[in-house]
Amino acid sequence: MSAQEIKTIKGMVAKRFSPTTFTDQPVSDELINNMLDAARWAPSSYNEQPWKFLVTRKGDENFQKVYDALMEGNQNWAGNAPILMVTLANDNYARNGKPNRHAWHDTGMAMGFFLLAGVEAGVQVHQMGGFFPEKIERNITLPEGYHPVAVAAVGYTEESAEQESRTRKSIQEIRV
Ligand SMILES: Cc1cc2nc3c(=O)[nH]c(=O)nc-3n(C[C@H](O)[C@H](O)[C@H](O)COP(=O)(O)O)c2cc1C
């Protein structure tokens, strides 16, 4: 796929996958901030932007704490990523304190913007629901009102056979 093709949204979607191996190449703070800038522009209910992203780097105390909160199957590969992130959502609207039942939906969408923004640069994101959120809440001081939604491993990858084994439902199956 040419660099020009990857720059289209369809190109980014085609190139994205959830890797279980990462190279040692560090991911710069500048690139992470570029990806966060894309996340900022995701739509959200009442433009609440109920998300935050905890970014930890290998070697940091918090990286180890996030790693320790992963289920064993994810620990087997995710510790090789240079960055572990936790997406956080505020379950209540800041505007009126009422429950925001769209908070996790919107946070997932922001993560979708974030991960697509890394593809052109060669950075991939592998999200994980297999973790113990209570361990993260216990061991890391999170912003008031925010709770862990998912963990994500972030890093550069080589071209991978993992991409070839990916399957999807057909359009007919998802269109009702
Ligand atoms: C919310 C969420 C939770 C996930 N949890 C895990 C997980 O715990 N472990 C894992 O290896 N992959 C996990 N995945 C990755 C999915 O398995 C993966 O996205 C799916 O198989 C499709 O593959 P692809 O991302 O390469 O297209 C998760 C993905 C999402 C979006």
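Counting starts at 1 for both ligands and their atoms, in listed order. The first residue of the sequence shown is numbered 1, and numbering continues consecutively from there. Every value quoted in this text rests on a predicted model; they were computed, and no experiment measured them.
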**Q** Applying a heavy-atom distance cut-off of 4.0 Å, which protein residues contact ligand 1?
**A** Arg16, Phe17, Ser18, Asn74, Trp77, His126, Gln127, Met128, Gly129, Gly130, Arg166, Arg168

**Q** What's the shortest heavy-atom distance between Thr107 and Ala89, and which atoms?
**A** OG1-CB, 3.4 Å

**Q** Could you tell me the separation between the NZ atom of Lys135 and the CE atom of Met71, rounded to the nearest 0.5 Å?
**A** 9.0 Å

**Q** Between Lys65 and Glu61, is there a side-chain N and carboxylate O pair less than 4.0 Å apart?
**A**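 Counted as a salt bridge, because a side-chain N and a carboxylate O are separated by less than 4.0 Å.
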
**Q** Can you say whether the rings of Tyr93 and Tyr46 are parallel (under 30°), tilted (30 to 60°) or perpendicular (over 60°)?
**A** perpendicular

**Q** So does Arg40 pair up with Asp37, basic N to acidic O under 4.0 Å?
**A**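 Looking at Asp37 together with Arg40, the answer is yes, because their closest N to O distance falls below 4.0 Å.
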
**Q** Is the shortest side-chain N to carboxylate O distance from Asp29 to Arg57 below 4.0 Å?
**A**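 The answer is yes: the pair qualifies as a salt bridge.
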
